[in-house]
Amino acid sequence: MVTQAQILKWLQTFADEIEQHKDYLTELDAAIGDADHGINMDRGFKKVNTQLPSLADKDIGSILKTVSMTLISSVGGASGPLYGTWFLRASTPVTGKQELTEQDLLNLLQAGLDGVLQRGKAQLGDKTMVDVLSPAVVAFGQAVGEGKSTLEALHLVVVAAEQGMQETTPMLAKKGRASYLGARSIGHQDPGATSACLMLKCLLDSTSSNDLGI
Ligand code: ADP
Ligand code: MG
């Protein structure tokens with residue numbers, strides 16, 4: 001089970017982690033893009049962070065929908081609309097909910113991925129955030145099917161996400177700015193895959209902590 005308080009904690013933790021990894025994400029984007037991924041994400045999630053107090057009494061679906069609108073309106077580049085779509089679509093199956101069962105969380109992760117796939121048209125192996133978000137959903141679904149707890153399942157999600165992130169390094173980029181580089185995109189870790197991995201790690205971290213943050 002994941003509570004509304006843990007979802008708020010997740011967003012706050014992710015905003016903090018993005019701020020801490022802002023330069024790293026931008027460096028990754030400097031190698032195969034236009035050196036703004038950390039800047040883009042930090043702009044969006046700083047804004048999300050300031051909105052969190054006003055979301056304290058909202059349901060999880062409304063919270064995720066607000067995050068989506070904030071990202072779409074404040075983040076440029078490919079990542080704004082793509083993360084915005086992930087949060088918008090992720091919000092739909094959890095509309096009105098104050099806590100999430102494992103099935104709810106699976107639906108959330110699957111809907112977010114489906115949104116990114118539809119919006120960005122990237123496939124697995126194209127060297128994008130999809131290479132993290134997709135194996136993460138598979139890992140969660142498998143773990144839930146095997147009767148694992150939310151925490152155990154999220155541990156496996158993080159393992160799959162880290163592997164997916166690392167596997168983007170030898171890939172040839174086929175979508176986004178990095179694809180303009182052709183073979184020169186090989187040998188660099190994808191920035192969007194890196195931020196997506198961070199997002200899932202934060203979900204595990206905030207689910208591991210109780211409502212008091214202990
Ligand atoms: P931009 O590329 O417009 O400067 P960012 O630098 O913020 O935007 O984000 C780049 C990241 O966006 C890439 O590392 C990649 O993971 C992701 N991305 C780009 N295009 C797509 C796409 N079509 N589908 C999924 N993810 C994509
Ligand atoms: Mg960029």
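Every number for a ligand or one of its atoms is a count from 1 in the order of the listing. This is a predicted model, so every value here is computed, not measured. What's counted below: heavy atoms across the whole structure, side chains too, no hydrogens, waters or symmetry copies.
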Indicate yes or no: does [X] engage [Y] in a salt bridge with an N to O separation below 4.0 Å.
X: R177; Y: D34; answer: yes
X: K148; Y: E102; answer: no
X: K127; Y: D190; answer: no

Heavy atom of G33, distance to ligand 1 below 4.0 Å:
no
Would R177 count as a contact of ligand 1 if the rule is a heavy atom under 4.0 Å away?
yes
Before you tell me yes or no, could you show the steps for Q4 and L8 under side chain to side chain contact (heavy atoms under 4.5 Å, CB included), namely the whole-Å CA-CA distance, both residues' side-chain angles and the distance that decides it to 0.1 Å?
CA-CA 6 Å; Q4 184 259 18; L8 289 169; 3.7 Å; yes
Are any side-chain N or O atoms of D42 and backbone N or O atoms of I39, one a donor and one an acceptor, separated by less than 3.5 Å?
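Between the backbone of I39 and the side chain of D42 there is no qualifying donor-acceptor contact (under 3.5 Å).
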Is the backbone N or O of S91 less than 3.5 Å from a side-chain atom of K65, with the two atoms forming a donor-acceptor pair by type?
no
Counting heavy atoms only, which part of L82 comes closer than 4.0 Å to ligand 1: side chain, backbone, both or neither?
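For L82, only side-chain atoms sit under 4.0 Å from ligand 1.
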Heavy-atom nearest neighbour in the protein, as seen from [atom], with distance rounded to 0.1 Å:
atom: atom 10 (C) of ligand 1; answer: H37 ND1, 4.1 Å
atom: atom 4 (O) of ligand 1; answer: D34 OD1, 2.8 Å
atom: atom 7 (O) of ligand 1; answer: S79 OG, 2.6 Å

If you measure every N or O of [X] against every N or O of ligand 1, does any of those distances drop under 3.5 Å?
X: A78; result: yes
X: G192; result: yes
X: K121; result: no
X: M129; result: yes
X: G120; result: yes
X: K127; result: no

Any side-chain donor paired with an acceptor under 3.5 Å for N107 and Q103?
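Result is yes, a qualifying pair exists.
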Numbering the atoms of ligand 1 from 1, which are under 4.0 Å from a heavy atom of [X]?
X: D29; answer: 6 (O)
X: A193; answer: 16 (O)
X: D36; answer: 4 (O), 5 (P), 6 (O)
X: K175; answer: 23 (N)
X: G176; answer: 19 (C), 20 (N)

Only one of V130, L124, T85 passes side-chain contact (heavy atoms from CB on, under 4.5 Å) with L117; say which it is.
V130
Would you call the rings of F14 and Y83 parallel, tilted or perpendicular, where under 30° means parallel and over 60° means perpendicular?
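If you compare the ring of F14 with that of Y83, the planes turn out tilted.
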Relative to the Mg ion (ligand 2), which of the N, O or S atoms in [X] is the closest?
X: D34; result: OD1
X: D36; result: OD1
X: D29; result: OD2

Using 0.5 Å steps for rounding, measure from the [atom1] atom of [X] to the [atom2] atom of [Y].
X: R89; Y: S68; atom1: CZ; atom2: OG; answer: 11.0 Å
X: D36; Y: T26; atom1: CG; atom2: OG1; answer: 7.0 Å
X: L64; Y: W86; atom1: CG; atom2: CH2; answer: 7.0 Å

Out of G76, A35, A122, S179, whose heavy atom is nearest to atom 24 (N) of ligand 1?
A122
My understanding is that we take every heavy atom of each candidate and find the minimum distance to atom 13 (C) of ligand 1. Doing that for D131, D190, T128, which one comes out nearest?
D190
Verify the neighbour count for atom CD of Q20: are there more than 12 heavy atoms of other residues, nucleotides or ligands below 6.0 Å?
yes
